[in-house]
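Chain A is the first sequence line, chain B the second, and so forth, proteins listed ahead of strands; every chain is numbered from 1. Just so it is clear, the values below take in all heavy atoms, side chains as well, and ignore hydrogens, waters and symmetry mates.
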Number of protein chains: 4
Amino acid sequence: MCIAVLDSGGILKAFARMDDAWLGSVDVAIKKAKTACFFGMTSGQIGELSQPGGPLYGIEHSNDGLISFPGGIPVVDEDGVLIGAVGVSGSTVENDHQVAKAAVESIGVTDLPEHPWRT
Amino acid sequence: MCIAVLDSGGILKAFARMDDAWLGSVDVAIKKAKTACFFGMTSGQIGELSQPGGPLYGIEHSNDGLISFPGGIPVVDEDGVLIGAVGVSGSTVENDHQVAKAAVESIGVTDLPEHPWRT
Amino acid sequence: MCIAVLDSGGILKAFARMDDAWLGSVDVAIKKAKTACFFGMTSGQIGELSQPGGPLYGIEHSNDGLISFPGGIPVVDEDGVLIGAVGVSGSTVENDHQVAKAAVESIGVTDLPEHPWRT
Amino acid sequence: MCIAVLDSGGILKAFARMDDAWLGSVDVAIKKAKTACFFGMTSGQIGELSQPGGPLYGIEHSNDGLISFPGGIPVVDEDGVLIGAVGVSGSTVENDHQVAKAAVESIGVTDLPEHPWRT
């Protein structure tokens, strides 16, 4: 499993790779976090919107590549400000999401207010 | 919301990002405009052609990445010449398209003539 | 001449290109600002450190490309916090630097405190 | 020898590779032409300015890579408008430059007026 922590500008703040984790998960974890940070929602929510026929179909081609399955979650402070994101990759996507959720909840909250929210 | 204006060569001419817009919308707005400029149609029209099973499925992988949902519109002058494109990202794709349309109509027209059209 | 304004995360906030400016200056202006933002000093200062034999020789290969000649300046607020950067390209490097300096001084200050400084 | 012809937006218009030319020259020829187009001067002139200690040291890192040795020449029409560029690679740089010069002179002129010039 790989865990990436990004700041509010989408830049890497911390990263850890467990022994024997897939090498390909390094980039996937970072891109999941970037996806969550860049659009203020979980990577899985982007994935729901980017299915064939969906309103954001193909958005993964932007920003040097997004990852749109679960495992990336924004980190929001108590004032509703997006302060970063966590991305996890290397297990099932359900596990990845749970690990990211646990990480985020130890720092802040995971949901942006409906409106307004701030970066 | 982010608004990008490109010239007829697909190169950035002007850009503005509203406060608290998604960071990921910077690149999406630019790529929507590029998509419209490079193929002489709206980014949404490319999206209709690039669905699974469609004739242009996967075209987003070309030209360092395209964005194929609405919000990118070509700018055409009164002689039918493609002179640039506008791309908008950051709200619903319907809103993005309307804002791009308003911008383009203030400069020129949005539809290329059937044949011939010129760049 | 092209003028790019980035936020503290190095992401584009605003951009303008004058008519007949070199097309190549679009990217140079953005990368000068990115260089200033990413390292908290002017792009020219990075250039002094990255000459052959210098301590940062070759740093331009990092971060998807830096530009290390004058024209990129960090924007610092009165508390010594780096809040963004301005990059200018399209004239002599001396002119580029002067224009960037004028832009930055209208927003904040251009020098980070020796220690500590914060992003 | 490889010969690339770009339009005024820096986009490929024509290309030919002689049998047995170096494969690496494909990209070099295109980038020489892009360099000439993007900055309105020969690729060799950029090279003089981008030496260590020079005012544009390191500019090759911009625009997804420039090539700054001779062989790229802008194409200018009789009104002083930059209409494209030719890039040649695969022989000595002197030969590359001569071939590009012959190509450009068959289309237009190679020198931009001092001021003003237009794209």
Side-chain angles (χ1 to χ4, degrees), chain A residues 6-13 30-68 72-77 79-85 87 111-119, chain B residues 1-2 4 15 17-36 38-39 42-72 87-98 100:
Chain A
L6 308 189
D7 68 16
S8 63
I11 296 179
L12 197 63
K13 189 78 174 72
I30 294 173
K31 283 199 167 71
K32 282 179 179 177
K34 188 180 70 168
T35 301
C37 178
F38 273 20
F39 293 98
M41 60 186 87
T42 67
S43 55
Q45 286 171 308
I46 289 285
E48 290 170 14
L49 298 167
S50 66
Q51 295 298 314
L56 302 186
Y57 175 58
I59 196 171
E60 298 87 349
H61 294 274
S62 72
N63 294 289
D64 294 323
L66 302 176
I67 291 293
S68 57
I73 303 182
V75 187
V76 181
D77 73 11
D79 295 326
V81 178
L82 178 70
I83 56 171
D111 294 313
L112 285 162
E114 274 303 304
H115 181 78
W117 63 276
R118 292 174 294 135
T119 56
Chain B
M1 185 168 270
C2 293
F15 177 85
R17 170 160 58 102
M18 289 170 60
D19 290 343
D20 298 332
W22 291 322
L23 296 185
S25 288
V26 175
D27 189 55
V28 173
I30 294 173
K31 283 199 168 68
K32 281 181 179 176
K34 189 180 71 169
T35 300
F38 275 20
F39 294 99
T42 67
S43 55
Q45 287 172 309
I46 288 285
E48 290 171 13
L49 298 168
S50 65
Q51 295 295 318
L56 301 185
Y57 175 60
I59 194 172
E60 298 88 348
H61 293 273
S62 72
N63 294 288
D64 293 324
L66 302 176
I67 288 294
S68 57
F69 44 89
V88 177
S89 175
S91 181
T92 65
V93 293
E94 291 76 14
N95 285 350
D96 292 346
H97 179 78
Q98 289 304 321

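Interface residues of residues 46-56 of chain A toward chain B, defined by a heavy-atom distance below 4.5 Å and sorted by number: A/Pro52, A/Gly53, A/Pro55, A/Leu56. Residues of residues 59-69 of chain B lying under 4.5 angstrom from chain A, judged on non-hydrogen atoms, are B/Glu60, B/His61, B/Gly65, B/Leu66, B/Ile67, B/Ser68, B/Phe69 in numerical order.
The minimum heavy-atom distance between B/Trp22 and A/Phe39, with the atom names listed, is NE1-O, 3.0 Å.
A salt bridge (Lys or Arg N to Asp or Glu O under 4.0 Å) check over residues 89-98 of chain B, counting only residues at least two apart or in different chains, returns the pairs B/Lys32-B/Asp96.
Under the side-chain contact (heavy atoms from CB on, under 4.5 Å) criterion, B/Ala29 pairs with B/Cys2, B/Ala4, B/Ser89, sequence neighbours left out.
Rounding to the nearest 0.5 Å places OG of B/Ser25 at 10.5 Å from CZ of A/Phe38.
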